[in-house]
Amino acid sequence: MWEFELIPVYLLLSMWGGKKRLYSATKFILYTAGGSVFLLIGVLGLGLYGSNEPTLNFETLANQSYPVALEIIFYIGFLIAFAVKSPIIPLHTWLPDTHGEAHYSTCMLLAGILLKMGAYGLVRINMELLPHAHSIFSPWLIIVGTMQIIYAASTSLGQRNLKKRIAYSSVSHMGFIIIGIGSITDTGLNGAILQIISHGFIGAALFFLAGTSYDRMRLVYLDEMGGMAVSIPKIFTMFSILSMASLALPGMSGFVAELIVFFGIITSQKYFLMPKILITFVMAIGMILTPIYSLSMSRQMFYGYKLFNAPSSYFLILDHESYLFRSLSFYQ
């Protein structure tokens, strides 16, 4: 079932994407299918190890113990597969290209469901079936997650393409999930799962609004936009609310999820006090960068005067009667 979803997404990308859709679709399938080879090897290794009859039963595998070296090899194999899907840096480069070219309904599927499958795999297989290796790798997961929050938030600021900017914000938010999983506490894991659900809704809704605004305005690049709040007030209102949710405004689900991840890492018994303070400090910098790219995105799209001077060809008038009425009144 994990592999099954590659085929429809590949078709959706290659048939209904933008100008570089074939390049993006090929990159997507190469990355995800390449990661899945490691997944297949890991699954076969778990199933065939230590018993006369191959078993893939979760309960049996959860009670199985492996030599530490073998468990680490299995863990690395599964981690590569889930790191591509999540995505975890440096295996994330397929995601901005895919989001930049995909139709917005495909972007909603990618942000809401596909990215969360990688995080689910980390929780269900890496944590549950390989706990000793997970305790060895968890400090590295936390370091990578912290780097990912800062890197993706900084990169998002430099994106001209609206969908690419939202895509990099997704990569940044996945950093909190990785930190929650790496904290090895119930609190951290609860925060990671809440972030999975929360970002699934927020990310998909942002892509939906980006797509609906494109349908009306035919603009993709942020530096071409401006003053759109006058033309599309309802989309502006929804986009503002969801931008606030994305930047973790208190009272919204993103804030609760990130706060619980913070508590999870601070209360973890595994780490010393100084590393915990340092990681929390760097995470806080990432949370400061999030409002910067989120609010600048809203400002570039909806505020200012640019569209008032824009050519009329930018506006896609869907209501033919009002178009006819305007034409007649213009000629009169």
Side-chain angles (χ1 to χ4, degrees), residues 82 86-88 108 110-124 127-128 138 141-153 156 165-209 237-271 276-298:
F82 300 139
S86 287
I88 299 172
M108 288 169 69
L110 275 165
I113 299 165
L114 263 71
L115 304 191
K116 309 304 174 271
M117 286 171 64
Y120 171 78
L122 279 174
V123 174
R124 192 66 200 271
M127 273 190 80
E128 195 176 343
S138 58
L141 280 179
I142 286 179
I143 290 166
V144 169
T146 312
M147 286 166 56
Q148 182 160 329
I149 292 167
I150 300 290
Y151 160 77
S156 181
R165 183 170 284 200
I166 301 170
Y168 272 109
S169 80
S170 296
V171 177
S172 179
H173 283 100
M174 292 305 290
F176 288 100
I177 297 169
I178 300 160
I179 290 169
I181 292 167
S183 68
I184 320 189
T185 56
D186 289 346
T187 315
L189 186 60
N190 286 339
I193 290 167
L194 183 57
Q195 178 76 329
I196 288 170
I197 296 163
S198 161
H199 184 262
F201 284 113
I202 294 167
L206 280 171
F207 279 115
F208 169 72
L209 292 170
T237 308
M238 288 299 297
F239 203 97
S240 300
I241 292 166
L242 286 155
S243 295
M244 295 299 169
S246 178
L247 63 83
L249 190 78
M252 295 190 170
S253 60
F255 172 75
V256 180
E258 290 178 19
L259 190 67
I260 295 173
V261 170
F262 264 108
F263 279 131
I265 190 72
I266 289 164
T267 56
S268 176
Q269 301 295 317
K270 184 177 168 62
Y271 306 105
K276 286 197 287 192
I277 291 169
L278 186 65
I279 286 162
T280 314
F281 180 72
V282 177
M283 282 169 71
I285 294 170
M287 289 182 80
I288 294 163
L289 287 171
T290 308
I292 294 172
Y293 69 71
S294 196
L295 294 175
S296 72
M297 181 167 65
S298 295

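Side chains are part of it too, since the values below use all heavy atoms of this structure and drop only hydrogens, waters and symmetry mates.
The shortest side-chain heavy-atom distance between Ser253 and Ile202 falls under the 4.5 Å cut-off.
Here the closest heavy-atom approach between residue Ala204 and residue Met108 is recorded as O-CG, 3.3 Å. Of all the heavy atoms in Gly254 and Ser198, the pair that sits closest is N-OG, 3.5 Å. Looking at every heavy atom in both residues, Ile184 comes nearest to Ser138 through CD1-OG, 3.3 Å. Residues Ser86 and Leu122 come closest through the heavy atom pair OG-CD1, 4.5 Å. What you find for Ser170 and Leu115 is that their closest heavy atoms are CB-CD1, 4.1 Å.
The side-chain contact (heavy atoms from CB on, under 4.5 Å) with Thr146 is formed by just one residue from the set Leu141, Ile179, Ile178; it is Ile179.
Within 6.0 Å of atom CZ in Phe262, more than 12 heavy atoms from other residues, nucleotides or ligands are found, so the atom counts as buried in its surroundings.
The CZ atom of Phe263 sits 13.0 Å away from atom CD of Glu258, with the distance rounded to the nearest 0.5 Å. Atom CE in Met252 sits 6.5 Å away from atom CD1 in Ile241 (nearest 0.5 Å). Atom CG of Leu209 is separated from atom OG of Ser243 by 8.5 Å, given to the nearest 0.5 angstrom. For the atom pair CD1 of Ile260 and CD1 of Ile265, the computed distance is 14.5 Å after rounding to the nearest 0.5 Å. Between Ile166 atom CD1 and Leu206 atom CG the span is 5.0 Å, to the nearest 0.5 Å.
A donor-acceptor contact shorter than 3.5 Å links the side chain of Lys116 to the backbone of Ala111. Of the possible donor and acceptor atoms, none in the side chain of Ser246 sits under 3.5 Å from a partner among the backbone N and O of Leu242.
When the side-chain contact (heavy atoms from CB on, under 4.5 Å) test is applied to Ser172, the partners found at least two apart in sequence or on another chain are Ile149, Ala152, Ala153, Tyr293.
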Check residues 277-292 and write down every donor-acceptor pair under 3.5 Å in which the side-chain atom is one partner and the other belongs to a residue at least two apart or another chain.
from, atom 1, to, atom 2, distance (Å)
Thr280, OG1, Lys276, O, 2.5
Thr290, OG1, Gly286, O, 2.9

Per-pair distances, 0.1 Å, donor-acceptor, side chain in residues 187-196, under 3.5 Å, sequence neighbours excluded:
from, atom 1, to, atom 2, distance (Å)
Asn190, ND2, Asp186, O, 3.3
Gln195, NE2, His173, O, 3.4

CA sep, side-chain torsions, deciding dist, call: Ile88, Met174, side chain to side chain contact (heavy atoms under 4.5 Å, CB included): CA-CA 8 Å; Ile88 299 172; Met174 292 305 290; over 6 Å; no

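Ring pair Tyr151/Tyr168 is perpendicular by interplanar angle, where above 60° counts as perpendicular and below 30° as parallel.
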